[in-house]
> 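Submitted below is the structure of interest, expressed as structure tokens.
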Protein chains: 2
Amino acid sequence: MPAEPLARSLGPPDAVLRRLSAYAPLAPDEEALLRQITARPAPVAPRTELVRDGDAAPRPQVLVEGWACRQRLLADGRRQIVVVLLPGDLIGLDRRRRPLPFGSVTTLTAAQVCEAGPLRERAARGGAAGDGTGAGTGEGTGLAAALRQAREMEEIWLVNQVVRLGRQTAYERVAHFLLELRERLSTVDRVQDDRFSFPITQEVLADALGLSVVHMNRTMQQLRRDGLIEQRATAITLRDVPALVSIADYAGAHGA
Amino acid sequence: MPAEPLARSLGPPDAVLRRLSAYAPLAPDEEALLRQITARPAPVAPRTELVRDGDAAPRPQVLVEGWACRQRLLADGRRQIVVVLLPGDLIGLDRRRRPLPFGSVTTLTAAQVCEAGPLRERAARGGAAGDGTGAGTGEGTGLAAALRQAREMEEIWLVNQVVRLGRQTAYERVAHFLLELRERLSTVDRVQDDRFSFPITQEVLADALGLSVVHMNRTMQQLRRDGLIEQRATAITLRDVPALVSIADYAGAHGA
DNA sequence: CGCAGTTTTGATAGCCCTCAAGGGACGTGG
DNA sequence: CCACGTCCCTTGAGGGCTATCAAAACTGCG
């Protein structure tokens, strides 16, 4: 099962570096550290658990290639995907002091993962960090700032997810989710002309958006019939972003 | 309009201190700072916006008394409450570097709020923090550790909310939510014999749990009829916590 | 060429929403 | 003391969105 032929063609595999330097400018030695960490990514099969539920000390990792997710299972087998993780995303970088029932982290596709312990240590030791109170104007620079930003982005994705699941219809949910994916993937150069790799099954999509597989399928069909999206192989194209934005009431995570 | 007669009888107003020292042991001077900050709380009317949506630099505040929420409004008026904030909870303590579309923070009841700028500064300056890599065993102490823990707890509440909204029925959602409230309120000594103040309307509850007011009402009735909860005035009693836990598939945020 | 996983389709049912209206609690004012 | 408004809770009826069950078409693959 090839990981993501399209993704590879759409961008080189330095997703983590792209992601973090989009969040905050990095010092040369920090970039070097990142390159070193991601030099030899470990291939991981689909449906592999990267972090077990309740794990006391999840190892810091970075997702270099492929998609994954944080998910939680209910006792009767129902699954809720809490957040989808994309190339360049971080896993377990927050130092936790207690084993928290966060759910597990699992790959959705074939993926490539790197250990990121040194990244956390480097950030903890501090650097160009702008820790000053700064009243909010300062952005902060350096690895620590980038990691903070990464954490805040993840919180935004969670809030988005709550709004989708709580107050939007299936149609709106899918539109909103696709727009979020587009925005996130574009920061790692995986989007061209509103087209990007889309390597997950409708079952996964359903578990992410709180729907049944059958209804997920019908909703996708509706979006296609309405000319809003187009799927070929494992890639998807958003054919009318403004319309999608309007439907989903989408307000991105822009900085202004 | 009296804020919360029951709450007052169930616990003294030093909710913030209780909350934070439950997260991590504080140094004497940190406790003193907390007492100083919360010495003169400002009364706030219900439905008051404490943080506006997209606010670049939300002022750090602590909720000393009353309930509030983070919420997001859709263009057509639909409202989703992202997370409910209880006495002792923190608001805007994370230093943000960009204006993020987080939604607004609004009081749900009459409340008492304190500015907490000094708290953030004190934590940033560092203290007894256990920043060592520690492999996960160390808990960390001091204000900074407590604030980190507070942030992680909020993330757990978000994940809980996602699971509720995505994969649970109305009945399960309410059970799950009530158990979470019980657990959170108990850390600030606002729970006695599974009974606690419950000062929000069913409309608020509906917006928190992604339901209509009518269905919210019917679900509460069902829970009462099943002998699981009991409401009198503005207080609620969980009459069968094990049953509720089973129904909701509730796994608290315990440390083991 | 059959197998397993995925997508698709049809039919039926159910959870939950919307609309509408009545009742209760509380405070205000006459 | 009672009329009256407001807010909240409650109830009824009808319908729509979405789930479930079942099975067929499709795809990639060994």
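Throughout, a chain's letter reflects where its sequence line sits, starting with A, and its residues are numbered from 1. Only a predicted model underlies this, so the values are computations on that prediction, with no experimental measurement involved.
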> Is it true that a side-chain atom of B:T107 and a backbone atom of B:T48 form a donor plus acceptor pair closer than 3.5 Å?
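Checked: pair present.
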
> Touch check for A:S212, heavy atoms < 4.0 angstrom, all strands: base, sugar-phosphate only, or nothing?
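A:S212: base contact, heavy atoms under 4.0 Å.
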
> Is there a donor-acceptor pair closer than 3.5 Å between any side-chain N or O of A:T109 and the backbone N or O of A:W67?
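Looks like yes, one N/O pair under 3.5 Å.
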
> Here's a test of your reading of the structure: between A:V214 and B:R47, which maps to the more 5' nucleotide of DNA chain D?
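Nearer the 5' end of the strand: B:R47.
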
> Does some side-chain heavy atom of A:V51 sit less than 4.5 Å from a side-chain heavy atom of A:R70?
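Of all side-chain heavy-atom pairs linking A:V51 with A:R70, none is under 4.5 Å.
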
> What is the distance from CD of B:E203 to P of D:dT6, rounded to the nearest Å?
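Roughly 16 Å, once rounded to whole Å.
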
> Nearest whole angstrom, please: distance from the P of D:dG12 to the CZ of B:R218.
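These atoms are roughly 8 Å apart.
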
> Please check if the side chain of B:R72 supplies one atom and the backbone of B:Q80 the other of a donor-acceptor pair under 3.5 Å.
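Looks like no, no N/O pair under 3.5 Å.
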
> Less than 4.5 Å apart, side chain to side chain, heavy atoms only: is that true for B:W157 and B:D89?
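Side-chain contact under 4.5 Å: yes.
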
> Round to the nearest Å and state the distance from A:H215 atom NE2 to D:dG16 atom P.
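Rounded to the whole Å, the gap is 14 Å.
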
> Using heavy atoms and a sub-4.0 Å distance, could you list which residues of residues 219-226 of chain A are near DNA chain C? By number, please.
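Those residues are A:Q221, A:R224.
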
> According to salt bridge (charged side-chain N to carboxylate O under 4.0 Å, His left out), does anything in residues 235-250 of chain B pair up with another residue at least two apart or in another chain? List the pairs.
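For residues 235-250 of chain B, and leaving out neighbouring residues, the salt bridge (charged side-chain N to carboxylate O under 4.0 Å, His left out) pairs sorted by first residue read B:E230-B:R239.
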
> Would you say A:T219's side chain and A:H215's backbone share a donor-acceptor pair under 3.5 angstrom?
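Side chain of A:T219 to backbone of A:H215: a pair is present.
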
> Give me each pair satisfying salt bridge (charged side-chain N to carboxylate O under 4.0 Å, His left out) with a member in residues 199-209 of chain B, each pair once, sequence neighbours excluded.
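Checked against salt bridge (charged side-chain N to carboxylate O under 4.0 Å, His left out) - neighbours excluded - the pairs reaching residues 199-209 of chain B are A:R167-B:D207, B:R79-B:D207.
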
> What is the 5' to 3' range of DNA chain C, first to last nucleotide, that sits under 4.0 Å from any heavy atom of chain B?
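Under 4.0 Å from chain B, the extent on DNA chain C is C:dC16 to C:dC19.
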
> Between B:Q192 and B:R195, is the side-chain hydrogen bond (donor to acceptor under 3.5 Å, both in side chains) condition met? List the steps.
CA-CA 5 Å; B:Q192 281 186 348; B:R195 175 166 165 270; 5.3 Å; no

> Is it true that A:Q222 and A:R225 share a donor-acceptor pair across their side chains at a distance under 3.5 Å?
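A:R225 vs A:Q222: donor-acceptor pair found between side chains.
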
> Listed in order of residue number, which residues of residues 159-170 of chain B have a non-hydrogen atom at under 4.0 Å from DNA chain C?
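Within this stretch, B:T169, B:A170 sit under 4.0 Å of the strand.
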
> Could you identify which residues of residues 70-78 of chain A place a heavy atom less than 4.0 Å from some atom of DNA chain C, listed by residue number, or say none?
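DNA chain C contact set from residues 70-78 of chain A: none.
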
> For a 4.5 angstrom cut-off between non-hydrogen side-chain atoms, does B:F196 reach B:L238?
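A side-chain contact exists here, since the closest heavy-atom pair is under 4.5 Å.
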
> Do we see a donor-acceptor contact under 3.5 Å between the side chains of B:Q161 and B:R164?
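A pair is found: one side chain offers a donor N or O, the other an acceptor, under 3.5 Å apart.
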
> Starting at CD of A:Q231 and ending at P of D:dT27, how long is that distance when rounded to a whole Å?
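These atoms are roughly 14 Å apart.
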
> Ignoring hydrogens, what is the shortest heavy-atom contact between B:R182 and B:V191? Give both atom names and the distance.
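Nearest pair, atom of B:R182 first, then B:V191: O-CG2, 3.5 Å.
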
> Quick check: on DNA chain D, is the nucleotide nearest B:Q202 upstream (toward 5') of the one nearest A:G210, or the reverse? Name the residue that is more 5'.
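Mapping each residue to its closest nucleotide by heavy atoms, the 5'-most match is B:Q202.
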
